[in-house]
Amino acid sequence: MLEFHALKPLYDSQCQTRNYTYTYGTAGFRDHADVLDTVMFTTGIVAALRSLKHNGKFVGVMITASHNPPQDNGVKIIEPDGSMLLQDWEPIATKLANIASNESFDNLVNYIRDIIQEQKIDIHGSMAHIAVGMDSRESSPRLMNCLMSTLEPIFNAIVINHGMLTTPQLHYLTSCHNEEDIRNVSIETYNRNFQSTFKKLLNIYNIQGFNNCFDNLIVDCANGIGAPQFERFSSLLSQSSMIKFTNDNYLHPETLNESCGADFVKTRQTLPKGVPQEFLQDGNNNLYCSFDGDADRIVFYYIKDSKFHLLDGDKIATLFAKFLKELLTTAQIPHEKIKLGIVQTAYANGSSTNYVKTKLNCPTSCTKTGVKHLHHEAQTAYDIGIYFEANGHGTILFSNKFYQQVQSCIDNIMEQPNGDLEKDERWKACETLLLFSRVINQTVGDAIADLLGVIATLLITKSTPDQWDNEYTDLPNLLSKIVVPDRNLFKTTDQERKLTSPPGLQAKMDTLINKIENGRAFVRASGTEDAVRIYCEGSSINEVKKLSQDIADLILKDAK
Ligand code: 16G
Ligand code: ZN
C-alpha cells in the first residue's frame, strides 16, 4: 500500500531545490551534491515503483558520481538482473525529479498515480525490495538518508543497506538477492565467489605468484571506495604480498580522483600522483592499474625504458578476445557454434579495430558512447560478447548457448575411455572457459573482476605487459573539448561517427580528414558536460594536433 499522506511532510523537508532541471543521463543523475536532495527523494520513489513493477524483486540504488570531482554526487538505479535501469524508465525518473523541483506537491502525487496506471503496477501485491549502497564521498551518507526517507514510510519497502561498496559490487549483489535467500547475500558473497573462482582458475595451471610475468601489481584506487574493497578482497589471494596500493586514502574524500584514477591516467596518458619511487626504479618489471572513483572502470600501464605505456579498454578487449578465441580452438569448438565478437565505440583506436578484424578475425560492432549501448549489443549479437570503451568501462557477456556448447564438449571428453582428464588440453580449455566466465562480472563492467580477468589471462598465457602491448600499436590520437553556445545543435548518425547538424560541418571536416594519412575524426556533444568533444587520429601526432585545431576552428567559426 502506498501512504501518500506521509509523503507531504517528507516532500516539504527533503525537496529543497526549486526551479532546477535534472536529467537521468547515461550514468543516472549526476550533479553538485548540494542540489541532489530532491533527486534522491524522487529516485527512492522510482526505485520502489520499479521493484513493484517486477512484482517486488530487488532493485538496486547506488549513490555515486564515479570519476567526477569530490563535490559532485549522483544516483542510479539497477535492474533486478544487475543491469542498468531500463531505458524506457529514464524519462520517468527525469520527469518525477523535475516535477518535484518545479511544480506543486499535488502534481507530484498525480504523476506517481499516472506512472502506476500507465505501467500497470500492482501496488496491492508484493512489497518493494531495494538494495542500496554508496561510494566514499563526503555527501553520500546525507544523500543516503534522503533516499531512504521515502522507502520505508511510503512504500513499506524492505531495504537492505550495503553501506559503502563499489558500483559493480552493488550490481552483482542486486542480482544475487533475486537468486538466493536474502539473508545470505552480503559483500562476502561477492568476495567469496570471485576469490574462489580466480583460485580455481589458476590451480588448473598450477600457477604460483605472478608466474614471472611481472614483479608487483600496483593498484591506484583514485582515493575511492575501491581501496578498502580491493584491499580486503586481495588480502585473501596468494599473490597478496605482491599487490601494492597507492592513492588508497578513501577516508579523505576531498582527495577523490584528484590527479589520480583511471580517467586521469587515460586522458593525461601519464602516471597518477603518489606512485612510490621504489616502484619506479629502472629494471623494475611492474604492472600498474588505476580504478576510477567507484571502481567500475580500469586501465593498466607499465614503464619501459623510462617511458609510460598505456593499456586501455581497447587493449583489455583485444587481450581477452585473443585468449578466449585460442581456448575455443583448443577445445575444438567450431567458431560457428560460439560466436565471439568485440563491441567498441567510435573512440576505439583504429589500430585496435584493424587488429581485431585482420589478426584475430573476429567480428566487431560499433555503438554509441555509454555502457548501456555496448552491453545491449554484446548481449544480442554474440555468444561471447566482449565490450569495452577505450576509457576502461567494460566486461564480457556469455550466452546460454556458450554454456551449453562448453558443457557438451566436456561431456563428450568424459565419454572417451582412458582419458587422463588433467592432461587433456581440451578439457583444460573447457574448464578455463567456464571458470573465466565466472571471474568476470557479467552484470556490469567491474574494475576488480576485470583486473582478475586480465591477471589470469597474462599468467595463463605467460605474457608480460610488454608482450601484451606489442600485439598492435595505437595510432596517435587526441581527444579535446570545446565549449559552444548550444551543444544540442550537434546531432550525429552512424553511431556518433558523423554529424548531421550543424548542416555542412561534416563535409568541411571530411575535407580536412582526407588530407592526412590514416585520418579519422568525429565530433559529438558530451552527455555529461556542457561541451562538444573532438576525437582525431592519424599516422603522425603533429598532423593529428593540427587536424584537431582546424576542426575546433571550424566549429567555433560556424557557431558565430
Ligand atoms: C558516462 C558513461 C560512460 C561514457 C561517458 C561519456 C556509463 C556508466 N557511463 O560516464 O560509459 O564513456 O559517460 O561521457 O554509461 P561524455 O558523453 O561526456 O563523453
Ligand atoms: Zn565509474
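Owing to the predicted nature of the structure, the values given are computational and were not obtained by experimental measurement. Start at 1 and go down the list; that is how both ligands and their atoms are numbered.
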With a cut-off of 6.0 Å (strictly less than), are more than 12 heavy atoms of other residues, nucleotides or ligands near [atom1] of [X]?
X: E254; atom1: CD; value: yes
X: K357; atom1: NZ; value: no
X: K57; atom1: NZ; value: no

Any nitrogen or oxygen of [X] lying under 3.5 Å from a nitrogen or oxygen in ligand 1? Just yes or no.
X: G527; answer: yes
X: N391; answer: yes
X: R30; answer: no

To which protein heavy atom is [atom] closest, and what is the distance rounded to 0.1 Å?
atom: atom 9 (N) of ligand 1; answer: H393 NE2, 3.7 Å
atom: atom 5 (C) of ligand 1; answer: T369 CG2, 4.3 Å
atom: atom 1 (C) of ligand 1; answer: T528 CG2, 4.0 Å
atom: atom 19 (O) of ligand 1; answer: R533 NE, 2.7 Å
atom: atom 15 (O) of ligand 1; answer: V371 N, 3.1 Å
atom: atom 2 (C) of ligand 1; answer: T26 CB, 4.2 Å

Three-point angle D296:OD1, the Zn ion (ligand 2), D294:OD1, rounded to the nearest 10°: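 My answer is 90°, to the nearest 10°.
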Point-to-point distance, once rounded to the nearest 0.5 Å, from CD1 of I77 to OG1 of T174: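 Going from CD1 on I77 over to OG1 on T174, the span is 11.5 Å.
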Ring geometry between F58 and H177 (parallel below 30°, tilted from 30 to 60°, perpendicular above 60°):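 Taking F58 first and then H177, their aromatic rings lie parallel (interplane angle under 30°).
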Cationic N near anionic O, under 4.0 Å, D312 to K266: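 Yes, charged N to carboxylate O under 4.0 Å.
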D292, N/O/S atom nearest the Zn ion (ligand 2):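 The atom in question is OD2.
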Min side-chain heavy-atom separation R533-Y347 under 4.5 Å: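 Heavy-atom side-chain distance check passes, below 4.5 Å.
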Distance filter under 4.0 Å to G370 heavy atoms, resulting ligand 1 atoms: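 Every atom of ligand 1 under 4.0 Å from some heavy atom of G370: 11 (O), 15 (O).
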Where ligand 1 meets S526 - atom numbers and elements under 4.0 angstrom, heavy-atom basis: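 Contacts of ligand 1 toward S526, numbered from 1: 16 (P), 17 (O), 18 (O).
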Audit row: S140, N73, side-chain hydrogen bond (donor to acceptor under 3.5 Å, both in side chains) steps and yes/no: CA-CA 7 Å; S140 291; N73 215 326; 3.1 Å; yes
2.8 Å cut-off met by an N, O or S atom of S66 to the Zn ion (ligand 2):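 Under 2.8 Å: S66 contacts the Zn ion (ligand 2) through an N, O or S atom.
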Close approach of R524 to ligand 1, heavy atoms, under 4.0 angstrom: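 Yes, R524 has heavy atoms under 4.0 Å from ligand 1.
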Lys/Arg cation over aromatic Y472: K315, 6.0 Å, 45° cone: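 Satisfied, under 6.0 Å and within 45°.
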Per atom 4 (C) of ligand 1, closest listed option by heavy atom (E389, K481, K372):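 Result: the heavy atom closest to atom 4 (C) of ligand 1 is in E389.
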Side chain to side chain contact (heavy atoms under 4.5 Å, CB included) partner of I63, the single match among R142, K76, M144: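 Only match with I63 under side chain to side chain contact (heavy atoms under 4.5 Å, CB included): M144.
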